[in-house]
Undergrad: 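Submitted below is the structure of interest, expressed as structure tokens.
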Amino acid sequence: MSQSNWGEFLFGSIVAILMAPFYLTAIILYSPIYILRTLSGLVANPSGKDEKIESDEYRTKHHIPDNDKKWNDYGEYLNSKTWKSKRSAVLERANGKCEVSSCSREAKEVHHKRYPKNLGYEELGDLKAVCKRCHSEMHPEKPDRYTE
């Protein structure tokens, strides 16, 4: 090694030796906390239900139905109070404007970015306010559905 490389090596070694007690202290202090948090997360929900969906705050924020309502089909769901409140919240969030980045038209529809396993349990972030034109571009398989 050249003299400059030895200097860098020596400096790095000294810094590592000086910092080791701080790293070890952090590991010793925080490892039990991490382990307890992990274990409590594993045993805190023995029912197997999704606690996030069960919380009142989450259910209110995303307009999740109070009961375990299941809709028979998509059309029935679109006529439900749950969908109407979600739709209204999404259109309000968008200030009535299409949320497609290159568009500034008025949004009158709400698009599912992805469909949930159970209708009514989608998060508002999975819904997008769109104009009819953009919605038709998102669904080329349904050309008549979205004509203006």
Undergrad: Please list all pairs meeting salt bridge (Lys or Arg N to Asp or Glu O under 4.0 Å) that have one or both residues in residues 87-100, counting only residues at least two apart or in different chains.
TA: Arg93-Glu99
Undergrad: Who pairs with Ser88 by side chain to side chain donor-acceptor pair (under 3.5 Å), at least two apart in sequence or on another chain?
TA: none
Undergrad: Below 4.0 angstrom, N of the basic side chain to O of the carboxylate: do Asp126 and Arg114 qualify?
TA: yes
Undergrad: Could you state the interatomic distance from NZ (Lys86) to CG (Leu78), rounded to the nearest 0.5 Å?
TA: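 If I round to the nearest 0.5 Å, the distance is 12.0 Å.
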Undergrad: Kindly say whether Gly125 contributes a backbone atom to a donor-acceptor pair with the side chain of Lys113 at under 3.5 angstrom?
TA: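 Yes; at least one donor-acceptor contact below 3.5 Å.
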Undergrad: With Ser80, which residues qualify under side chain to side chain contact (heavy atoms under 4.5 Å, CB included), at least two apart?
TA: Trp71, Tyr77, Thr82, Trp83
Undergrad: Minimum heavy-atom separation for Leu124 to Ala89, with atom names?
TA: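 In this case the closest contact between Leu124 and Ala89 is CD1-CB, 4.0 Å.
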Undergrad: What pairs of residues pass the salt bridge (Lys or Arg N to Asp or Glu O under 4.0 Å) test when at least one of them lies in residues 75-85, not counting sequence neighbours?
TA: Lys69-Glu76
Undergrad: Checking side chain to side chain contact (heavy atoms under 4.5 Å, CB included) against Val130, which of Arg105, Glu137, Glu109 comes through?
TA: Glu109
Undergrad: With rounding to the nearest 0.5 angstrom, report the NE2 to CD distance, His112 to Glu122.
TA: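 That separation rounds to 3.5 Å.
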Undergrad: Are the side chains of Lys108 and His135 in contact, using a 4.5 Å heavy-atom criterion?
TA: no
Undergrad: At their closest point, which heavy atom of Cys98 faces which heavy atom of Cys131, and how far apart are they?
TA: SG-N, 3.4 Å
Undergrad: Do Val100 and Val90 share a hydrophobic cluster, counting only Ile, Leu, Val, Met, Phe, Trp and Tyr and linking them when any side-chain heavy atoms are less than 4.5 Å apart?
TA: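 Result: no, two separate clusters.
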